[in-house]
Amino acid sequence: MIESTTSPALPSVMDANMVAFWSAYGRGKGCTLQQAGDAVWFYTGVPHPLFNGVPRAILDADDVHSIIDSLQARIDAQGAPALWWLGPRTKPDDLGPILERRGLEPAGEVPGMALDLHSMDSRLPEIAGFSVEKVGNEIQQASWARVAAIGNDFPENAVDAMEKVEATLCDSGYRAQHRYMGYLEGKPVATGALVLDSGVAGIYAIATIPEARQRGIGRYMTMLPLLEARRLGCHVAILQASSMGYPIYKRLGFNDVCHYRLYVQRCENTQGDARV
């Protein structure tokens with residue numbers, strides 16, 4: 001168990017927790033999950049780069065090209081782009097330039113953040129007509145995925161594909177995770193996920209559909225899994241922050257501890273906007 005946000009082990013366990021979350025998608029029906037040394041990559045075919053790629057890239061130089069080639073074969077066959085996450089432990093040190101020479105596109109940076117769970121406010125916001133339930137079956141999984149995708153402004157084809165993949169996830173690693181659905185007047189409007197792995201509590205998939213925003217729901221959906229993690233004995237929470245969620249996380253007490261540089265790998269004959 002990681003006791004403090006200043007622990008020297010934090011970058012390593014942040015990587016491991018993120019791998020635990022994304023690996024579940026690689027074990028879905030028709031999906032791929034591979035490990036090469038201390039690197040992990042997965043491919044779902046969901047047409048959004050977040051749902052395909054390399055969440056941990058700690059590689060020998062020779063293995064970089066092997067993974068690029070393996071991913072490229074799936075990208076060219078199915079058309080869905082993939083995302084490489086380059087964090088503080090990424091190897092080789094010049095992986096970014098190597099990826100660019102192979103045609104991958106820089107796609108910005110994402111802050112990795114951490115929170116001392118014992119320092120956070122334990123009072124959940126009061127939101128009239130709002131309730132939260134845990135996801136417990138494949139029908140709820142599909143609904144959760146649809147809301148999460150819409151809440152992240154994914155295109156409709158990615159929403160549909162994510163819904164189908166999520167409904168197939170059923171292995172023990174996925175079942176160990178906690179997924180939450182938020183309802184406003186009985187309608188599903190928000191999502192969140194908690195991953196208790198590698199001694200920290202990982203927060204993922206915080207999303208609210210557009211028409212339910214600006215009510216404090218995002219804050220609620222972040223705080224609820226944090227409080228559950230604290231109740232279960234965790235001391236430190238981590239996340240990778242979107243630009244939309246970053247102000248909420250700062251107000252909750254999260255602080256930046258690292259940054260992930262993102263690179264998008266696309267079909268070899270595709271050019272375009274590199275933003276994720």
Subject >> Interatomic spacing from CG in Leu239 to CG in Leu115 - rounded to 0.5 Å >> reply: 8.5 Å
Original post:
Below 4.5 Å, heavy atoms only, C-beta onward: do His48 and Asn152 meet side chain to side chain?
Top reply: no
Original post:
Once you round to the nearest 0.5 Å, how far does CE of Met223 lie from CD1 of Ile206?
Top reply: 12.0 Å
Subject >> Gap separating the CZ atom of Arg219 from the CG atom of Leu124, nearest 0.5 angstrom >> reply: 9.5 Å
Original post:
Does the side chain of Gln240 come within less than 4.5 Å of Phe21's, by heavy atoms?
Top reply: no
Subject >> Under 3.5 Å donor-acceptor, Arg74 side chain and Ala80 backbone >> reply: no
Original post:
Atom OG1 in Thr90, atom CZ in Arg261: separation rounded to 0.5 Å?
Top reply: 7.0 Å
Original post:
Got a donor-acceptor contact below 3.5 angstrom from the Gln72 side chain to the Arg266 backbone?
Top reply: yes
**OP:** Evaluate side-chain hydrogen bond (donor to acceptor under 3.5 Å, both in side chains) for Gln78 paired with Tyr43, printing each intermediate quantity in order.
**Re:** CA-CA 10 Å; Gln78 295 182 247; Tyr43 196 83; 5.0 Å; no
**OP:** Of all the heavy-atom pairs spanning Ala128 and Leu184, show the shortest one and how long it is.
**Re:** O-CD1, 3.6 Å
Original post:
Which heavy atom of Val147 sits nearest a heavy atom of Ala190, and at what distance?
Top reply: CG1-N, 3.5 Å
**OP:** State the OG-CD distance between Ser131 and Glu185, to the nearest 0.5 angstrom.
**Re:** 9.0 Å
**OP:** Compare every heavy atom of Val46 with every heavy atom of Ala158, then report the nearest pair and how far apart it is.
**Re:** O-CG1, 4.0 Å
**OP:** Please examine the side chains of Ser143 and Met181, heavy atoms only from C-beta on, and report whether any two atoms are closer than 4.5 Å.
**Re:** yes
Original post:
Heavy atoms, side chains only, cut-off 4.5 Å: are Ile238 and Val13 in contact?
Top reply: no
Subject >> Tyr263 and Trp85 aromatic centres sub-6.0 Å >> reply: no
Original post:
For the residue pair Asp197 and Asn17, what are the closest heavy atoms and their distance?
Top reply: O-ND2, 3.0 Å
Original post:
Has the side chain of Thr191 got a donor or acceptor atom that lies under 3.5 Å from a matching backbone atom of Ala205?
Top reply: yes
**OP:** Using the side-chain hydrogen bond (donor to acceptor under 3.5 Å, both in side chains) rule, pick out the option among Gln141, Gln140, Arg179 that qualifies with Glu166.
**Re:** Arg179
Original post:
In Å and rounded to the nearest 0.5 Å, what is the CD1 to CG distance from Ile67 to Leu99?
Top reply: 10.0 Å
Subject >> Donor-acceptor contact present, side-chain Gln177 to main-chain Ala20, <3.5 Å >> reply: yes
Original post:
With respect to Lys29, which candidate in Thr168, Val165, Leu169 satisfies the side-chain contact (heavy atoms from CB on, under 4.5 Å) definition?
Top reply: Thr168
